[in-house]
Amino acid sequence: MAEQTDTAPRATSNRSTTPGSDSFKQYISSNWAERTDVLPPARDEAAFAAERRARLSAKYPGKRLIIPAGRLKQRSNDTDFPFRAHTVFSYLTGWGSDSEPGAVLVLEPVAESESESESESGAGAAGHDAALYFRERAGRDSDEFYANPEIGEFWIGPRPSLAQVAADLALTAHGIADLDAVLEAVDGDTLIIREADPELTALVDARVAAAVIEAQDEAALPTIAFSPASGEKEEVDESAQLEQDLSEMRLVKDEYEIGQMRLAIAATAAGFDDIIRDFARITAHERGERLVEGVFNSRARADGNAVGYDTIAASGPHACILHWTRNDGPVVPGDLMLVDAGVELDSYYTADITRTLPVSGTYSPEQRMIYEAVREAADAAFAIVRPGIRFREIHATAMGVIARKTAEWGLLPVSAEEAVQPQNQQHRRYMVHGTSHHLGLDVHDCAKARREMYLDGVLEAGMVFTIEPGLYFQPDDLTVPESFRGIGVRIEDDILVTPTGAENLSAAIPRTADDVEAWVSAAGALNGRSL
Ligand code: GLY
Ligand code: MN
Ligand code: MN
């Protein structure tokens, strides 16, 4: 784990031109200015992360908790996917897009006598000492900085020092080599976020299994043979419990998270504005959908951000494909274009917003009727949101409208009342997805929460989720009139539960048919294009 890589680590020796002579090494390693660390003030999120660690600490007394950021994932031979730290790591450290690959947060339980007086290091985890381990900046005395394309400063940029990260995150920081001592101490009371770093998890599993055998030997229980499989299973179950608890802890957002969500949504609104302003170029392009994706992503990058998931730019019948991300079709005047996109900030908080736009500036009568039915479903669902209701009631309310509308249009073989019965559900032919999911650090946030806390859970102020009903009439669906075929509509907003009700955080992005038409037309007029 702690091996320091001093030579090019991956298969580039067949084309490496790095000089290896002693005189070169001596020359490149000398005459560099002294580095002076300017220590930043703690970032805003640090105090919130400390409070989150304290809540986790209280739930796991006496347990050593290992929370890896994860490592770079290979894309192809010596190129990697962009790094993204594990969500839980980011939540508990406040380290987002500037996280170091391979970093590990450890909450080390403190002895009972120590925990009575507030532990000084690892602020915010009274029953634990929190410490961050990462590969700190390499010195000029190693060849890493110029010879290692994977981690070298000349190749991917400088890493921060321990002191910089400790100040920035208000956390004790250690070099990655010190993690060896933590691994040495691993015993049966150690839990790890397993999916974040499979290699480290395997090491921890091996240590736990060895520790269990040792404990059995010491207890002199020669007749009970240790079974690695059962030892491992228990570990997996407890670690799964840790992941579940963290998902459930994250269901209610703190003030920092809600602030980040507002910023992500405002940045997303700017991306939608840019798309409609560029409709003339988009409709002229043979792969207009790809240009839509490019315009949105370009605005995100220009504003210094990223996207939280692959942008869905689905024009015409592609809108009936729920996760259409190939985005290689044209954007044809007269069609609807469904754009599902969200900006992700440095903190990793992301928006998730869908608008279905009339490419020519106005909806046809059928398009408008379908669009407004979806909006009615969304509005009805939003109207019931307040603390105390169950999450699943939001979906049920939206589906009540979808069933009523599709029945009114003569699409269902049964009445709307019959359709909504659990044993029927014919209206779901036209909307097979759910209406809502939690949103935050992940687009599908808190995914490991139990059903009783999620779908069957009770809403609390501070929860953030989407409301995103839709209607999708496949091009070959014989149950619908020909004029409906190939129309797909989704309207997706990001909702905050407030103490008295709900706030639609994305309400400023036009969403009624009239408002969307005015928005698209105004953008067209501004750019001197005829619709
Ligand atoms: N963007 C994926 C979703 O709406 O869930
Ligand atoms: Mn969504
Ligand atoms: Mn979406």
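Keep in mind that the numbers below use all heavy atoms, side chains included, and drop hydrogens, waters and symmetry copies. In this chain, residues are counted from 1 in sequence order. Counting convention: from 1, in listed order, for ligands and their atoms alike.
Applying the 4.0 Å criterion to heavy atoms of Y309 picks out, from ligand 1, the atoms 1 (N).
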I'd like to know whether H437 forms a side-chain hydrogen bond (donor to acceptor under 3.5 Å, both in side chains) with E468, so could you lay out the CA-CA distance, the side-chain angles of the two residues, the decisive distance to 0.1 Å, and finally the verdict. CA-CA 9 Å; H437 57 79; E468 51 175 309; 2.8 Å; yes
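You'll find the ring centres of Y309 and H444 outside the 6.0 Å limit.
Geometry at the Mn ion (ligand 2): OE2/E492 and OE2/E468 form an angle of 80°, nearest 10 degrees.
Among the backbone and side-chain atoms of D340, an N/O/S atom is found under 2.8 Å from the Mn ion (ligand 3). The Mn ion (ligand 2) has H437 among its coordinating residues (N/O/S atom, backbone or side chain, under 2.8 Å).
Closest of all the heavy-atom pairs between E243 and R194 is OE2-N, 3.0 Å.
Looking at D514 and R375, no side-chain N of the basic residue comes within less than 4.0 Å of a carboxylate O on the acidic one, giving no salt bridge.
Within the 4.5 Å cutoff, the side chain of M369 has heavy atoms near those of the F484 side chain.
Looking only at heavy atoms of the protein, atom 5 (O) of ligand 1 is closest to H444 NE2, 2.7 Å.
By the 3.5 Å distance cut-off applied to N or O atoms, D340 is counted among the residues near ligand 1. Checking only distances, H323 never comes within under 3.5 Å of ligand 1, N or O to N or O.
With a 4.0 Å cut-off on non-hydrogen atoms, D352 touches ligand 1 through its side chain and not its backbone.
The cationic group of R52 lies under 6.0 Å from the six-membered ring centre of Y91 and within 45° of the ring axis, placing it in a cation-pi geometry.
Looking at D352 and the Mn ion (ligand 2) together, the shortest N, O or S contact belongs to OD2.
Side-chain N/O atoms of T311 and E293 include no donor and acceptor closer than 3.5 Å.
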